[in-house]
Asks: 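Got a structure for you, questions after.
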Amino acid sequence: MALEARLRLPLARPIPATAFLSGSNPKQTHLSFSIRTSSTSLSAANAPPPIVVVGSANADIYVEVDRLPLVGETVAARAGHSLAGGKGANQAACGGRLALGPTYLVARVGNDANGRLLEGALADAGGVRLDRVARAPDAPSGHAVVMLMPDGQNSIIIVGGANMEGWASEVDPEDLDLIRQAGVLLLQREIPDWVNIQVAQAAKGAGVPVILDAGGMDAPVPGELLGLVDIFSPNETELARLTGMPTETFEQISQAARACHKMGVKEVLVKLGSQGSALFVEGEEPIRQAIIPATEVVDTTGAGDTFTSAFAVALVEGKPKQECMRFAAAAASLCVRVKGAIPSMPDRESVMSLLETAQAE
């Protein structure tokens with residue numbers, strides 16, 4: 001049973017964003033983003049094309065611990081919370097708050113209390129179109145246990161639920177039609193690979209750029225999927241796991257990115273935690289972006305999803321790659337200052353304010 005849409009906007013045929021996936025990256029002395037002051041500040045005709053996220057939605061069970069337990073050991077948590085999350089929902093919530101155009105989430109939740117928690121959190125996040133979120137009648141909502149340490153770092157265990165079991169044998173034709181009208185398609189690996197492949201094929205056939213966040217299942221990425229991806233976005237640990245190569249130094253990361261190029265991925269956007277990020281475009285010099293330091297690191301759970309989604313928002317707006325990365329760095333800096341994934345997603349005005357402050361320093 002699909003969720004009732006909160007509003008319905010006509011989908012204009014997008015200007016292909018593939019023009020921004022290659023070529024030079026001129027340095028700019030200022031940022032050219034618009035600040036969205038209200039949902040009606042742009043007409044549908046002038047707004048960028050939609051961002052479509054196909055991915056997971058999880059009920060995150062947070063437990064705050066001083067350290068991880070050893071094998072066979074029981075430790076007491078300082079606190080516990082249930083919050084909405086999942087890589088797909090996180091990225092959609094971030095896009096909804098940052099994008100000038102609409103952001104859609106294509107996902108599956110269970111017909112249960114956790115599903116209603118997810119629906120409510122996404123509605124409250126603002127800006128996310130829920131037309132293509134559906135309840136799976138025979139599978140529980142996905143959930144995750146997030147063990148949060150005092151320094152904001154975390155370890156996560158995921159139970160797939162409806163994310164893995166709630167899809168029909170083929171992706172809904174209406175979902176595929178929506179994807180063909182997108183400005184960018186965002187994917188992760190907390191849903192079945194075959195779903196990612198089907199939606200990526202639809203995007204590729206329509207000239208829609210595909211960004212694959214490597215986070216999710218601990219398994220090799222199918223070659224068929226990698227061949228459909230325009231930008232592959234792992235962190236250094238995921239990059240090492242995919243390539244079987246060390247990623248402890250920047251030179252090692254560069255070599256691993258070149259290995260991804262040989263697998264068919266032209267652009268590799270690596271998230272490097274406290275070391276910032278780097279974009280490796282085949283045949284070009286890497287583009288590096290330092291972090292924009294946070295005043296306090298509370299929770300890093302949604303930082304990677306925020307970075308990837310914010311990068312996609314800037315890409316759809318036609319910004320140069322260096323500017324996309326700086327916009328994403330600012331969004332991630334704001335994200336880690338708040339507990340919880342979806343609750344931590346920043347709004348556009350806050351990101352722009354931080355960029356202006358960082359630029360003045």
Side-chain angles (χ1 to χ4, degrees), residues 2-3 51-62 82-96 103-123 125 128-136 138-146 154-168 171-172 175 178-179 185-200 210-219 221-222 225 229 233-235 238 301-309 312 335 340-345:
L3 296 178
I51 294 170
V52 177
V53 182
V54 180
S56 59
N58 290 326
D60 290 344
I61 303 168
Y62 273 75
S82 292
L83 299 169
K87 295 187 72 65
N90 293 346
Q91 292 178 11
C94 182
T103 298
Y104 287 81
L105 175 63
V106 179
R108 301 293 179 263
V109 300
N111 188 18
D112 52 24
N114 281 338
R116 290 185 285 278
L117 166 72
L118 290 163
E119 294 164 8
L122 287 166
V128 183
R129 293 285 299 267
L130 302 178
D131 308 50
R132 306 311 305 166
V133 176
R135 294 179 183 175
D138 300 319
S141 296
H143 58 279
V145 177
V146 181
N154 60 71
S155 295
I156 304 174
I157 302 171
I158 296 172
V159 180
N163 295 312
M164 299 299 294
E165 303 166 14
W167 300 86
V171 177
D172 192 306
D175 293 337
L178 172 64
I179 289 162
L185 172 65
L186 272 172
L187 304 175
Q188 324 80 37
R189 302 201 66 220
E190 291 181 348
I191 61 174
D193 283 327
W194 68 263
V195 175
N196 278 334
I197 289 170
Q198 281 194 22
V199 297
V210 179
I211 299 177
L212 174 63
D213 188 305
M217 66 181 73
D218 183 9
V221 182
L225 177 56
V229 170
S233 184
N235 60 31
E238 294 158 349
T301 303
D305 294 327
T306 300
F307 183 93
T308 305
S309 184
C335 167
I342 289 178
S344 71
M345 299 301 165

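The analysis underlying the following values was restricted to heavy atoms, covering all of them including side chains, and did not include hydrogens, waters or symmetry mates.
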Asks: Donor-acceptor pair, distance only, cut-off 3.5 Å: does the side chain of Asp131 make one with the backbone of Tyr104?
Replies: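 Answer holds: no.
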
Asks: Under a 4.5 Å cut-off applied to non-hydrogen side-chain atoms, are Asp193 and Met217 in contact?
Replies: yes

Asks: What closest approach, in Å, do Gly110 and Ser141 show between heavy atoms, and which atom pair accounts for it?
Replies: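 Scanning both residues completely, I find the closest heavy atoms to be N-OG, 2.8 Å.
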
Asks: When rounded to the nearest 0.5 angstrom, what is the spacing between CZ in Arg129 and CG in Leu105?
Replies: 12.5 Å

Asks: Using atom types as modelled and distance alone, determine if a side-chain donor or acceptor of Ser309 lies under 3.5 Å from a backbone N or O of Asp305.
Replies: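 Such a contact is absent between Ser309 side chain and Asp305 backbone.
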
Asks: Is Val106 close to Val199 at the side-chain level, that is, under 4.5 Å between some pair of heavy atoms?
Replies: no

Asks: Once you round to the nearest 0.5 Å, how far does CD1 of Ile61 lie from CD1 of Ile156?
Replies: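 One gets 12.5 Å once the value is rounded to the nearest 0.5 Å.
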
Asks: Identify the two heavy atoms, one from Val221 and one from Arg189, that lie closest to each other, and give their separation to 0.1 Å.
Replies: CG2-NH1, 3.7 Å

Asks: Identify which one of Asp172, Ile179, Val53, Val54 satisfies the side chain to side chain contact (heavy atoms under 4.5 Å, CB included) criterion when paired with Arg132.
Replies: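 Exactly one candidate clears the test, Asp172.
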
Asks: With rounding to the nearest 0.5 Å, note down the distance linking CG in Asn163 to CD1 in Ile191.
Replies: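 The distance works out to 8.0 Å.
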
Asks: Kindly say whether Ile51 contributes a backbone atom to a donor-acceptor pair with the side chain of Thr103 at under 3.5 angstrom?
Replies: no

Asks: Measure the CG-CD distance between Asp213 and Glu190 for me, rounded to the nearest 0.5 Å.
Replies: 8.5 Å

Asks: Please report the interatomic distance CG(Leu130) to CG(Leu118), rounded to the nearest 0.5 Å.
Replies: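 Spacing of CG (Leu130) from CG (Leu118) equals 10.5 Å.
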
Asks: What are the two closest heavy atoms between Met345 and Cys94, and how far apart are they?
Replies: SD-CB, 3.6 Å

Asks: Identify the two heavy atoms, one from Ala139 and one from Gly161, that lie closest to each other, and give their separation to 0.1 Å.
Replies: CB-C, 4.4 Å

Asks: Is a donor on one side and an acceptor on the other found under 3.5 Å between the side chain of Gln198 and the backbone of Val195?
Replies: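 No; zero donor-acceptor contacts below 3.5 Å.
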
Asks: So, the side chain of Asn111 versus the backbone of Asp138: is there a donor-acceptor pair under 3.5 Å, distance only?
Replies: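 Flag not set: sc Asn111 to bb Asp138 has no pair under 3.5 Å.
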
Asks: Taking all non-hydrogen atoms of both residues into account, name the closest pair between Ile342 and Ala125 and its distance.
Replies: CG2-CB, 4.2 Å

Asks: Return the CG to CD distance between Asp218 and Glu238, rounded to the nearest 0.5 Å.
Replies: 9.5 Å

Asks: What heavy-atom pair brings Ala136 and Gly166 nearest, and what distance separates the two atoms?
Replies: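 Nearest heavy atoms, Ala136 then Gly166: CB-CA, 3.7 Å.
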
